Amino acid sequence: MHCCDICRKYGILSVMLRFFYENFIPSRCFICNEFGEVNHGICSSCMSQIKPISEPVCDVCGRAIGSPGICISCQADPPAFDRLLGAACFEGVLKDVIHSFKYHRKTAFKKVLARILYDSLPKDADIDQITFVPLHWTRLATRGFNQASLIASELGKYMGVRIRFDALKKTRRTDPQVGLNQKQRLKNVRGSFKANGVEGKSVLVVDDVITTGATAKEVARVLKKAGARYVLVAGVGRVVQ
Ligand SMILES: [Zn+2]
Ligand SMILES: [Zn+2]
């Protein structure tokens, strides 16, 4: 409904301009800068270069292993999460897309990143709530947005599942994880998250990149402590060693 004739006139004009722009003006890919068939900022040629994680992977930690099942390390020392998965290898085009998304504010990529993640999720996962790895408020203020929350919001639309913006909170600012090994990363994030409102729930936690899984272990630990029944941590990119 429009409040007056001018609103109606310009409302229709903007719809027409958008239709014209989307259908007749060729789009450039944000990654290769070529014109072509571009979907949410990425062309089909760049999209085809995104490499899925090669199977088989461990049913728990999602690392590539020789045969299907649960890896020795998850059997010996079961992590707090029920499942950790990365949708695709964090390299090449996907690395460029996530970098542009995170550091150059190319937020149009959120839809394509959520789609890649959605396609990799187990179809039998019965999820009650979607949330994301939170940033400390000081980092959120500097960056202006949380990349994981944008992907989670889009994923929620694909899955038809409610997104919780307050299920996890980062209570302490931590040093960047870059350059630290898994043990140091675990120590760095230990006790820096808080969870609430997840009792008896099956929770999906979204992140942009899974590196060693240390953050995933810590958020899963606090979610389980707060009563979560099942925790699936999923990242779009996964560093494959
Ligand atoms: Zn391209
Ligand atoms: Zn494992």
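Just so it is clear, the structure is predicted and the values come from calculations on it, not from any experiment. For ligands, and for the atoms within them, numbers begin at 1 and follow the listed sequence. All residue numbers refer to positions in the sequence shown, counting from 1.
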The Zn ion (ligand 1) as vertex, arms to SG of Cys46 and SG of Cys43: angle to 10°? 110°
Can you tell me if Gln184 has over 12 outside heavy atoms packed within less than 6.0 Å of its CD? yes
Residue from Arg164, Arg162, Lys201, Arg229 passing salt bridge (Lys or Arg N to Asp or Glu O under 4.0 Å) with Asp128: Arg229
What heavy-atom pair brings Pro134 and Asn146 nearest, and what distance separates the two atoms? CA-ND2, 3.7 Å
Give a rough value, rounded to 10 degrees, for the angle at the Zn ion (ligand 1) between atoms SG of Cys32 and SG of Cys29. 110°
Rounded to the nearest 10°, what angle sits at the Zn ion (ligand 2) between SG of Cys71 and SG of Cys61? 110°
Crowded around Lys95 NZ? As in, over 12 foreign heavy atoms under 6.0 Å? no
